[in-house]
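Everything below concerns the one structure shown next.
Whatever order the structure lists ligands and atoms in, that order sets their numbers, starting from 1.
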Amino acid sequence: MTETFSGSFTQQEPIPDEAIEAALAVLRHGRLHRYNLAKGELGETALLEQEFAAQTGARYCLAVASGGYALATALRAVGVKPGDAVLTNAFTLAPVPGAIASVGARPVFVGVTESLTIDLDDLAAKAGAARVLMLSHMRGHLCDMDRLMQICDAAGITVIEDCAHTMGAAWNGVASGRQGAVGCYSCQTYKHVNSGEGGLLVTDDEEIAARAVMLSGSYMLYERHLAAPGPEVFERIKYHTPNISGRMDNLRAAILRPQLRALSTQVARWNERYQRIEAGLRGTPGLTVIERPEAETYVGSSIQFLLLDWAADKVQEALRRCAARGVELKWFGTPEPVGFTSRYDSWRYAESAPMPASDRVLAGIIDMRVPLTFSLEDCDLIARIIRAEVGAVWQNG
Ligand SMILES: Cc1ncc(COP(=O)(O)O)c(C=O)c1O
């Protein structure tokens with residue numbers, strides 16, 4: 001009998017009861033705006049920032065409306081101006097080059113390796129082209145962060161980390177988002193904590209933090225923050241920093257705080273599932289598993305593999321066959337994007353020269369979400385289906 005999978009690749013777990021209770025409390029008192037506080041009240045949003053700063057070891061934290069908003073705010077806060085070049089990954093998701101474009105700057109794309117991380121040789125070659133790198137840890141893969149920081153420090157490049165897929169991850173024990181000048185995270189439903197929409201920004205730099213707070217729409221209420229610099233820092237910047245509203249609200253913050261407390265438990269659950277799928281895929285003819293470096297602590301909320309140098313019609317056939325058995329795979333390399341864009345040549349508002357080595361990798365990247373609603377047995381079944389269908393297409397050549 002042919003096995004099929006009937007689960008949903010987009011169904012996340014319900015919001016935990018503790019978070020629902022906290023959300024109801026906010027709804028009952030009605031003070032949803034972050035600066036709408038009763039006497040003596042600290043507020044869910046300020047507490048969320050304080051807790052996330054402590055969790056990541058950052059001096060400052062700001063909660064905002066989305067991950068993409070955090071990225072654009074970081075660019076403004078480090079001083080990127082219209083017309084400036086900003087280095088970024090050729091392989092990432094549309095909000096990353098979109099954040100660069102939103103401030104009128106120009107993305108300069110850096111290639112991708114077979115490890116699905118930024119090509120550090122290409123970065124070194126292009127280091128003179130910009131003074132800011134927006135580094136995307138796309139799909140949770142961390143590059144050699146020590147070498148990346150050496151390249152950037154030597155070239156005087158400020159690094160903004162896009163940690164949309166690496167909340168809870170680390171490189172050599174350092175939390176993702178803490179090597180660069182700014183770390184940006186997403187709290188959108190498909191990420192590692194879920195408030196529908198939402199973002200977090202961390203930094204140790206007091207002026208970047210103060211500018212980010214003003215940019216997010218603090219009016220002159222910055223003293224109501226618990227993870228922001230002192231008023232003397234705001235005095236230096238407050239009349240020169242525009243308000244580009246994008247605040248977090250107390251309702252979403254209330255939902256997020258219990259989820260952040262459970263993050264390490266959730267990471268362990270994701271990785272159990274990831275490792276079951278990875279083990280099941282290993283040795284499939286024609287399929288390359290992405291090896292994870294020892295220095296990397298990852299969060300297996302999605303899994304990728306390569307069908308390297310496969311003809312496009314064969315990739316499509318393998319995906320079709322998996323889909324017919326209920327396994328939903330995404331082909332990041334598809335020449336005509338469907339539902340999302342993830343490669344540099346899809347963002348035609350930005351100039352780019354062809355990158356043949358990256359194109360070869362991009363053409364073979366297959367991606368699959370691993371929601372926590374999957375059981376370990378589901379993961380075994382999914383791996384068996386992919387193994388059988390990819391193997392069959394490969395063998396029929
Ligand atoms: C790699 C990456 N960066 C940034 C973002 C932006 O996050 P948000 O959806 O919270 O704006 C996403 C969202 O999908 C993403 O996948």
Short N or O contacts of ligand 1 with protein, under 3.5 Å, listed by atom name?
residue, atom, partner, partner atom, Å
ligand 1, 3 (N), Asp162, OD1, 3.1
ligand 1, 3 (N), Asp162, OD2, 2.9
ligand 1, 9 (O), Gln188, NE2, 3.1
ligand 1, 10 (O), Gly67, N, 2.8
ligand 1, 10 (O), Ser186, OG, 2.7
ligand 1, 11 (O), Gly67, N, 3.4
ligand 1, 11 (O), Gly68, N, 2.8
ligand 1, 14 (O), Lys191, NZ, 2.7
ligand 1, 16 (O), His165, NE2, 2.9

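Applying the ring pair (Phe, Tyr, Trp, His ring centres under 6.0 Å) test to every pair with at least one member in residues 281-302, sequence neighbours left out, gives these pairs: Tyr274-Tyr298.
Annotation: cation-pi geometry satisfied between Lys330 and Phe340 (NZ/CZ under 6.0 angstrom from ring centroid, within 45° of ring axis).
Applying the side-chain contact (heavy atoms from CB on, under 4.5 Å) rule to Arg261 yields the partners Glu18, Glu51, Arg257, Pro258; only residues at least two apart in sequence or on another chain are considered.
Closest approach of Ala70 to Leu201, counting heavy atoms only: O-CD1, 3.6 Å.
Summarising the hydrophobic clusters (Ile, Leu, Val, Met, Phe, Trp, Tyr; side-chain heavy atoms under 4.5 Å, direct or chained), the residues clustered with Met167 are Leu48, Phe52, Tyr185, Val193, Leu200, Val202, Met248, Leu256, Leu260, Leu263, Val267, Trp270, Val299, Leu372.
A donor-acceptor pair under 3.5 Å is formed between the side chain of Ser375 and the backbone N or O of Asp378.
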